[in-house]
Amino acid sequence: MSSHQHAQNDGANDNEMKVVTSQVVAASKTTTTSTTTTASTTTATTTTTAVWDAVAQVYVGGQVALTANADHALLQELMDENEGSLPIFGYGSLCWKPGGILADETVTSIPGCQALGYRRCWAQKSADHRGYPHFPGIVCTLLQQDEVHDLLSSFNNKDDGQPPPSANPPRTTTHCSTEGILYMVPPPLVDTCLAELDFREKGGYARDIIQVVVDHEKDDHQNRPRQRPRQRHALLYRGTPDNPALWPRVLRDLPYAAAVISVSIGPSGRNDEYLNKLHEFLVQQEQHDPQVGDDDDTMALYRMVQQYQTLQTPLFFLYGVGSNQHNQLNLGMKKNRNTAGAGGGGCTSPTTDNRSLMDDGGEVHEWTEILLCGVPPALPSQSSSNVPELSSSFSSSQQQQQQQEQDWPKQVLAGGGHSAVLTTQGNLYLFGWNDKGQCGAKNSTTKPLEDHAPAPLHAPLQELRVETCALGFHHTLLIEQETGHLWAMGDNSRGQVNGHFHVKNNNFDDDKAQEDEQHQQTSAMVQVPTKVPFLANQRVVDVACGLFHSAAITSEGEVVVFGCGRFGQALSSLPTTAMGSSSSSWSGRWKPHKGAKLQRVACGRRHTVVLDEHGCVYSFGDNKYGQVGRTINSNPSSNEPEYQQQQDAKPQRVHGPWEMDGYTVCDIQCGWSHTVILAHKTNQEDGLRDTAVYGWGRNDKGQLGIISGDDGDNKALLNCPTPVRLFADISTPIQQVACGSEFTLVVDRMDAIWGCGWNEHGNLAHSQPHEPREVVSTPRLVVADGARKVANPPTNPAHATIGLAAGGAHVLAMRVVVPPSS
């Protein structure tokens, strides 16, 4: 039974139990959350209906549910069989410290009992005892063999109807049983005991009556003749497959479950204490081999948690959706590709099979939990004496000291097919596509640790500590901590890494990039961070990557652009070539004439946008789809190619309705061919900060979420050449904006994530029955409850906010300690 400790004993204290019913009713009256699940049940003492609070993640307002096997008549029959006493089977914390009524001296217990046909599963979220709603812990439940099979089958077969081959197949033996302990509650205590358990098992559990085998040979403290094992019925509390707190994902991914358990802490104490105590109980039982788990994962989870904590493995909890073709979601792949991390192969752990989360194309269409394991600082001895001493609680001073020493996640980033997590100490963990060296050279430091870690390890970039960075389609830009120097690596076929490229047949057309890259010399690929030569002595404060160009803002407030500039995105329409050299450069510098300092830069596929300290926006580059947000004076009679008539290499200010609305621009973001800005102002009435989103450019795939309304056909407006208000129907102020290649995402103040645009790879986690899956033409909810679905682990400070990253066809989110935009 998963009866958890409150403070010291995984249950409420005696005074609390005396008023349990009034507390439950009060909770139902005070909750302000709409409910989603109802458990309509009655008991001998109350007829209150319990409802599921989706935020608190517990039942409130009544007792827990009754299964068909545990209705009132069957419960009374069970008590009649035992002369008014009630047998209760425990399989979780009751095995090591019952507490409450069950600790009464008149209650007897029999260890070594087994629940027949049931498997102990670590698949129940705990938001009220071993975790909190913002980061639930994991406790165990009992599931029948066929229930486990059905859960895993539905989880595996949701795409093509065929379960993937599993390296860790579920154990569904013919005679599955779970070891636990049996309590006999005397008649005077039955009602109070049931009320107590109903209250503290409100996290999704239900009453059930099952068959157990009682082994009196282990009943040493009972003064009765020894008897042969016999079967009898008993009451227990378990989370059934349809309960709202069930977490099927962790049944498949034990390393993820172990990571959650290793860090989670709740009102009743640390999650790993719950696991460790249960492990100790099972080891003491004669039937349980301490080296091999029989019909549950307790032993395996125990070993994994010990490994995480002994190695002091940095654990990062991310969430994502979209393409995982190159392991950019760190979920492993169905076939090995040229990827970084996990030893360079992107393979899954021997105890993980996340392929069931993806379709045949390696895509994830639902918001999914992701674990990133960093390489620990050092590999300590693997003796058991080095396992950290775990206390059941921390003082506030200990928590403060622990937080000061923690290397917190600071930024999450997404590129064309690679991703990254950056920490406050400057550790940059890159993973995903590495065909051009955009994730750096393969790091061999993970090799000695592979046998000691439950999950694939990712080493941070070894060459330097990073302040901030940007991920492009095939290249990466890095700003070094302390010095502010700019470094780059990856594809340099257009000079986007060091400003120089090799000319072949004078072809600068990036539409033919794939063809040209096959002929590029090996020098076009830079696999280690290389300092950008013409910025070697300057401090850089912001960077951005386009498809084939790069941009940086210096501390003097100047923008420096290099790489492909064929469309004016590098402040020049033509490259310069040194006399007698085959190496050319496309680069330029610019600063507003009135002396204002530039602060931010964003790059699209062929355009660049900058923001100065006064909130003024400037743009330059290709304007084929209106992505520079202003009119370009072209000459139709000119002999220039058409594409040159739709571009402007000279930065010009972009004016928009935010100026009339009284807003100041604070952030700029670019997709391939669209631009989105975030603006803010202080409300004069209440002094609160209000925000607004504006955008312009390409909209044929709903990138801006604008509907033309022509003839009422609900078609997206193809292009929007001038700035317009976006996401105006969202009543909650927008806190953050992010642009992927052809889609846009925003996060509101309630942590809900909204999106619109190209959805071919499921990157918006949304599909309408009457709308093609590849297009979401108006803003829709991607994550309705970001506060719960982008969980904040206890290793982070409480004020950590959602960081959002949009890549070529994937999205990542996680809690970060520094907002990605000011």
Any sub-3.5 Å donor-acceptor pair from N759's side-chain atoms to V776's backbone N or O? no
Could you go step by step and tell me if L478 and L464 meet the side-chain contact (heavy atoms from CB on, under 4.5 Å) rule? CA-CA 9 Å; L478 316 160; L464 72 160; 4.2 Å; yes
Does any donor atom in the side chain of Q703 or E742 lie under 3.5 Å from an acceptor atom in the other side chain? yes
Cut-off 3.5 Å, side chains only: do T664 and H614 have a donor facing an acceptor? no
Any residue meeting salt bridge (charged side-chain N to carboxylate O under 4.0 Å, His left out) with E558, in chain and number order, not counting sequence neighbours: R589
Pairwise distance NE2(H810) to NE2(H418) - rounded to 0.5 angstrom: 8.5 Å
Going through the checks in order, is the side-chain contact (heavy atoms from CB on, under 4.5 Å) test met by L745 and V811? CA-CA 9 Å; L745 295 163; V811 176; 3.5 Å; yes
Over all atoms of both residues, closest heavy-atom pair of C373 and A455: SG-CB, 3.7 Å
Below 4.0 angstrom, N of the basic side chain to O of the carboxylate: do K410 and E467 qualify? yes
Output yes when a side-chain donor or acceptor of N327 lies under 3.5 Å from a complementary backbone atom of G332, and no otherwise. yes
For R130 and G266, indicate whether the former's side chain and the latter's backbone hold a donor-acceptor pair under 3.5 Å. no
Testing the 3.5 Å rule here: is there a donor-acceptor pair between the side chains of N427 and R465? yes
Would you call the rings of W433 and F473 parallel, tilted or perpendicular, taking 30° and 60° as the class edges? perpendicular
Between L301 and A257, what is the shortest heavy-atom contact and its length? CD2-CB, 4.0 Å
Taking the side chain as everything from C-beta on, heavy atoms only, tell me whether I265 gets closer than 4.5 Å to E273. no
For the atom pair CG (L318) and CD (E369), what is the distance rounded to the nearest 0.5 Å? 11.5 Å
For T744 and V737: C-alpha separation, side-chain torsions, deciding distance, then whether side-chain contact (heavy atoms from CB on, under 4.5 Å) applies. CA-CA 7 Å; T744 304; V737 297; 5.7 Å; no
Between R749 and D690, does any NZ, NE, NH1 or NH2 come within less than 4.0 Å of an OD or OE carboxylate oxygen? no
Backbone N or O of T795 within a donor-acceptor pair of the W408 side chain at under 3.5 Å? yes
Side chains of T468 and Q411: donor-acceptor distance under 3.5 Å anywhere? yes
Inter-residue atom distance D542.CG - L477.CG, 0.5 Å rounding: 10.5 Å
Cation-aromatic face contact K125/W247, 6.0 Å, 45 degrees: yes
Would you please say whether a donor-acceptor pair under 3.5 Å links the side chains of H761 and E363? yes
Donor-acceptor contact below 3.5 Å, side chain Q57 vs main chain P133: yes
How many angstroms lie between atom CG of L457 and atom CG of L311, to the nearest 0.5 angstrom? 7.5 Å
Does a side-chain heavy-atom distance below 4.5 Å link V543 with C545? no
Determine whether F316 and M814 make a side-chain contact, defined as any pair of heavy atoms from C-beta on separated by less than 4.5 Å. yes
Inter-residue atom distance L726.CG - Y694.OH, 0.5 Å rounding: 9.5 Å
Taking all heavy atoms of H475 and all of S550, pick out the closest pair and write down the distance. NE2-OG, 2.9 Å
Kindly compute the distance separating OG1 (T554) from NZ (K597), expressed to the nearest 0.5 Å. 8.5 Å
Using the rule given for side-chain contact (heavy atoms from CB on, under 4.5 Å), can you reason through D667 versus R600, listing the C-alpha separation, both sets of side-chain angles and the distance that settles it, and then say yes or no? CA-CA 7 Å; D667 191 23; R600 301 294 305 273; 3.2 Å; yes
Is a donor from one side chain sitting under 3.5 angstrom from an acceptor on the other, for N330 and H458? yes
Looking only at atom types and distance, does a side-chain atom of D748 sit under 3.5 Å from a main-chain N or O of A752, one as donor and one as acceptor? yes
Looking only at atom types and distance, does a side-chain atom of Q328 sit under 3.5 Å from a main-chain N or O of A414, one as donor and one as acceptor? no
Looking at side-chain heavy atoms only, is the closest gap between L422 and P409 below 4.5 Å? no
Looking only at heavy atoms, what is the nearest atom pair of G320 and L812, with distance? CA-CD2, 4.2 Å
Among side-chain atoms of H485 and K531, is any donor-acceptor pair under 3.5 angstrom? yes
Would you tell me whether N276 and D272 have side-chain atoms, one donor and one acceptor, within less than 3.5 Å of each other? no
T368 side chain reached by R249 side chain, heavy atoms, under 4.5 Å: yes
Without swapping roles, check the side chain of T310 against the backbone of Q306 for a donor-acceptor pair under 3.5 Å. yes
Sequence-distant partners of S262, side-chain contact (heavy atoms from CB on, under 4.5 Å), two or more places apart: V305, Y308, Q309, L315
Any donor and acceptor pair, going by atom type alone, linking the side chain of T476 with main-chain N or O of Q438 inside 3.5 Å? yes
Test item: P797 and V817 side chains (from C-beta on) under 4.5 Å apart, heavy atoms: yes
Do L611 and V665 have side-chain heavy atoms sitting under 4.5 Å apart? yes
A791 and Y319 have their tightest heavy-atom pair at CB-OH, 3.1 Å
Say whether, by atom type as modelled, one donor and one acceptor occur between the side chain of E366 and the main chain of V364 under 3.5 angstrom. no
Is it true that the side chains of W487 and E480 contain a donor and an acceptor less than 3.5 Å apart? yes
If we only count heavy atoms from C-beta on, is the W122 to V250 side-chain gap below 4.5 Å? no
For G440 and N434, the nearest pair of non-hydrogen atoms, with its separation, is O-ND2, 3.0 Å
